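Working notes, beginning with the structure itself.
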Amino acid sequence: MHDKYEAVIGLEVHAQLLTESKAFCGCSTKFGNAPNTNVCPVCLGHPGVLPVLNKKVVEFTVLMGIATNCKINSRSIFARKNYFYPDLPKGYQISQYEEPICEHGFVEIELSDGSRKRIGITRIHMEEDAGKSIHDISIDTLVDVNRCGVPLIEIVSEPDMRSPEEAYLYLSKVRQIVKYLSICDGNMEEGSLRCDANISVRLKGAEKFGTKTEVKNMNSFRNVERAINYEVERQIEILEDGGQITQQTLLWNADLNEVLPMRSKEEAHDYRYFPEPDLLPVVVDENWKKEIASGLPELPDIRKKRFTEHYQIPLYDAEIITQSKGIADYYEKVTAVTSDYKAASNWIMGDVLKVINEEKIDIKDFPVSAENLGELINIINKGTISGKIAKEVFPEMLKENKSPVEIVKEKNLLQISDASELENLVLKVIGEHPSEVEQYLDGKEKVFGFFIGQIMRQTGGKANPKIVNEILRKKLGEKKIK
Ligand code: ADP
Ligand code: MG
Ligand code: ZN
């Protein structure tokens, strides 16, 4: 970015709520059903039908409001946002306009220099989704209205972000929170989390905001950062050339790596908002608010801090482990079985997350139970098996969730800790390699590792490394004296 300028960014994030049924009717929200089957007269907007508000939608939205430090309005109203589009059979979308349910909140992001920054949340409101148009050149435009009426929340931020990185961090934080609350699966690629970016630039130190553009259609995290970067640079270039920014809506084209203007026809917005006459105001009294708040889980930042204090693990570990609620829950289950908290975080950050990322599975479907992983750590620490053997036992545990003790027994992997047995082995290996012994006695320390390697090979890795180390050092030392 040009040094003279700074970016000003505000995001509008849509999150699809994980309710079983739609916002105003009983139709299923299930993704992937045959097109146009999750429908009824209400979500199709037939004449004479009445919407009925899904209570869960309110609860999820209030939960998000509480988690993002918003004021929860005791009274809010729905509005009709009118526009014509083939995937919106009603001809309007039920949304909230003038009196949204949540306002004036904030989330905190952590910048790369470690400092924290508050990003204001202007409002969070409830609304319903529209259907999907599928533009297939070889056939025609197809419409699937299954998504009509699926509940969304829109989270509108203040124009508080000053770089594409900050926008990325903010979006990540919002995603992390909705996932922690289990109100949205946070999947950008599948469209359950969507983001529009409002972007302007101004000279550093200037007070007035510049003219903004709005970039839509960024369907991955990577694209959000890239699109904002692109648009910021584009605006700076125009200003540097003495031009002016035109307020417009742009679409990010991931294939071309650039933003393109939306056709102006689609952009001429006058939604003619008016209060939805078929729905009563939403009233959230203190009692209900308290009840919803009691279901608030420990939020990621607080949990991260607790992990560093209670389990004494590094901030780096805590950061990774609390990234997802499922992983953090798994960690706490492991630490209920073993008191080696650091080993637990090592195993999760390493072997567990590796499998989860490679197989693209959820921790819920991870084949090794937390109890068994905890037990594995315990038998390493007790000396039943070595850390090296543990790396052989773990893949067996992945195959079927068996207790590590059972696997060790079945595969005869018990660690050899018997001193006299190991002493014999050490003497045997020393006897077999006189020239290496010479080298060691000549001061070649490295040869020590060679002997360890030999002993490990002969025992199939089962020799207790600590004891072997001691005996080997002692025996080689005795040679030195002779
Ligand atoms: P509009 O009326 O065009 O929808 P809003 O005032 O509702 O604009 O703001 C929409 C979003 O744009 C908000 O996230 C807000 O923070 C952001 N925004 C407002 N003004 C600017 C600006 N000058 N530059 C960047 N973002 C802005
Ligand atoms: Mg707006
Ligand atoms: Zn319906």
Side-chain angles (χ1 to χ4, degrees), residues 5-14 19-30 33 36-46 49-54 57 68 79 81 88-90 94-98 100 103-107 118-125 127-131 144-151 154-164 166-167 170-171 174 194-203 206-216 224 227-228 231-232 234-236 239 244-250 262 267-271 273 278:
Y5 294 91
E6 91 180 334
V8 173
I9 302 158
L11 299 187
E12 294 166 275
V13 177
H14 285 91
T19 54
E20 300 264 325
S21 56
K22 293 186 179 180
F24 305 109
C25 62
C27 290
S28 166
T29 54
K30 201 157 171 277
N33 282 2
N36 304 311
T37 56
N38 294 353
V39 290
C40 74
V42 173
C43 53
L44 290 174
H46 287 192
V49 297
L50 286 174
V52 177
L53 177 60
N54 182 340
V57 171
T68 54
K81 180 179 180 178
L88 187 74
K90 281 216 298 268
I94 303 178
S95 180
Q96 294 198 294
Y97 189 54
E98 273 172 344
E103 289 178 288
H104 316 304
F106 65 87
V107 296
R118 265 188 193 189
I119 307 294
I121 288 178
T122 316
R123 55 188 277 152
I124 302 176
H125 66 250
E127 60 184 29
E128 59 176 339
D129 211 344
D144 176 7
V145 292
N146 280 355
R147 211 177 58 184
C148 278
V150 167
E154 178 171 343
I155 306 150
V156 182
S157 86
E158 290 290 307
D160 284 348
M161 289 153 270
R162 294 291 172 267
S163 67
E166 287 186 16
Y170 166 78
L171 185 61
V174 168
R194 289 166 243 160
C195 166
D196 303 332
N198 296 271
I199 303 161
S200 64
V201 299
R202 64 178 172 188
L203 285 172
E207 252 176 59
K208 246 186 95 193
F209 287 153
T211 304
K212 73 175 162 78
T213 60
E214 185 170 357
V215 180
K216 291 179 178 284
V224 170
I228 297 175
E231 177 56 12
V232 168
R234 189 189 71 87
Q235 290 188 12
I236 291 173
L239 295 179
Q244 279 187 332
I245 308 300
T246 347
Q247 179 157 355
Q248 61 182 331
T249 303
L250 304 159
M262 234 165 119
E267 218 202 315
H269 281 163
D270 178 3
Y271 293 124
Y273 278 101
D278 290 343

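Read the numbers this way: they start at 1 and go in the same order the structure lists the ligands and their atoms. A quick note: this is a predicted structure, and the numbers were derived from the prediction, not measured.
Listed by number with element, the atoms of ligand 1 under 4.0 angstrom from any heavy atom of Val156 are 13 (C), 14 (O). Close approach of ligand 1 to Phe209 is summarised as follows: ligand atoms under 4.0 Å from at least one heavy atom of the residue are 23 (N). Which parts of ligand 1 touch Glu158 is read off a 4.0 Å heavy-atom cut-off, strictly below it: atoms 16 (O). Atoms of ligand 1 lying under 4.0 Å from at least one heavy atom of Leu11, given by number and element, are 14 (O). For ligand 1, the atoms closer than 4.0 angstrom to any heavy atom of Gly210 are 23 (N).
For Thr68 (side chain) and Val107 (main-chain N/O), no donor-acceptor pair under 3.5 Å exists by modelled atom type. A donor-acceptor pair is defined here as one N or O able to donate and one able to accept, closer than 3.5 Å; no such pair exists between the side chain of Lys81 and the backbone of Tyr97. Thr246 places no side-chain N or O within 3.5 Å of a backbone atom of Gln248 that could act as its donor or acceptor partner. Put simply, the side chain of Glu128 gets close to the backbone of Ile94: a donor and an acceptor are under 3.5 Å apart.
In terms of polar-atom proximity, Ile9 is not counted as a contact of ligand 1, lacking any N or O under 3.5 Å from an N or O of the ligand. Between Ser200 and ligand 1, at least one pair of N/O atoms sits closer than 3.5 Å. Distances between N or O atoms of Pro159 and those of ligand 1 include at least one value under 3.5 Å.
Contact annotation: Cys27 places an N, O or S atom under 2.8 Å from the Zn ion (ligand 3).
Counting heavy atoms under 4.0 Å from ligand 1, residue Glu214 does not touch it at all. Neither the backbone nor the side chain of Thr122 has a heavy atom within less than 4.0 Å of ligand 1. Both the backbone and the side chain of Val8 come within 4.0 Å of ligand 1, judged by heavy-atom distances.
The residue from Glu154, Lys212, Gln247, Lys208 that puts a heavy atom closest to atom 3 (O) of ligand 1 is Lys212.
Atom CG of Asp129 sits about 10.0 Å away from atom CG of Leu88, to the nearest 0.5 Å. Rounding to the nearest 0.5 Å places OG of Ser95 at 4.0 Å from CD of Glu127.
Nearest heavy atom pair, residue Gly131 against residue Cys148, reads N-SG, 3.4 Å. The shortest heavy-atom contact between Cys27 and Val39 is SG-C, 3.4 Å.
Under 3.5 Å, the side chains of Thr122 and Glu158 contain a donor-acceptor pair of N or O atoms.
Considering the Zn ion (ligand 3) as centre, the angle to SG of Cys25 and to SG of Cys40 is 110° (10° rounding).
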